[in-house]
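Worksheet: one structure, shown below.
None of the values given here were measured: they were computed from a predicted structure. Residue numbers begin at 1 in each chain, while the letters A, B, ... track the order of the sequences.
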Amino acid sequence: KKDGEGHDEL
Amino acid sequence: MNIFRLAGDLFHLISIFILIHKMTTSKSCSGISFKSQALYLLVYVTRYLDLFWTFALYNSTMKIIFIGSSAYVLHLMTGPFKPTHDPNIDTFKVRYLIGGAAILALLFPYKWTPAEVLWTFSIWLESVAILPQLFMVQRTGAAETITTHYIFALGAYRALYIPNWIYRYLTSTFWDPLSIIAGVIQTVLYSDFFYIYYTKVLQGRKFELP
């Protein structure tokens, strides 16, 4: 997953 | 999701619980920096805008808890417990923290979209948001033991994200350099506090600065 395509960490 | 991130988020929840428990049982917010608490609300509001367009049960629930609890803490500090808040010892110049985070967010976001710039702002702001609180402890030279447990848990939350990032890099070649750099800085800022906490509080003594 490339960065910036939605962040899955809090 | 991995055990490190789960433990980190758990420590984050614990820190919030300790803070609210301390304030409601002692009916006081003495020793707590309003500025740091206000910065945390700003961190959560700017980072969790994606609540509006993404949904994941765990993440969305936690985001709502973090935003709600930090707003509640600010309510307690400006409402019922306002008399116990002494702004004269909460003097850290947060404008430099906000300004610095804003500049970094405008210079190096992953993408120049409003959501990404705000997310980057939030990541950098969180890395320094504890400074007013640590500065207040420094100035008063001591802190209630419960407050040190709060700060420890808050520091442990992001510290545990570091093994999470290592784990994710090793297992899925995912990595988020902005979060990692800011997270390492954030954890380093706690290092002297961690040292004193470990040598003093965990030995059953009061938290006093040398």
Over 12 non-hydrogen atoms of neighbours within 6.0 angstrom of CZ in B/F194 = yes

Spatial distance of atom CZ (B/R168) from atom CD (A/E9) [nearest 0.5 Å] = 4.5 Å

query = Which bit of B/Y48 comes within less than 4.5 Å of chain A, counting heavy atoms only: side chain, backbone, both or neither?
reply = side chain

message = If you count heavy atoms of other groups shown closer than 6.0 angstrom to CD1 of B/I3, is the number above 12?
response = no

Interchain contact, B/W53 with chain A, by part (heavy-atom threshold 4.5 Å) = neither

request  = Might you confirm whether atom OH of B/Y58 has over 12 heavy atoms from other residues, nucleotides or ligands at distances under 6.0 Å?
outcome  = yes

Gap separating the CG atom of A/L10 from the CG atom of B/N59, nearest 0.5 angstrom = 4.5 Å

task = Flag yes if more than 12 heavy atoms outside B/Y72 fall under 6.0 Å of its OH atom; otherwise flag no.
result = no

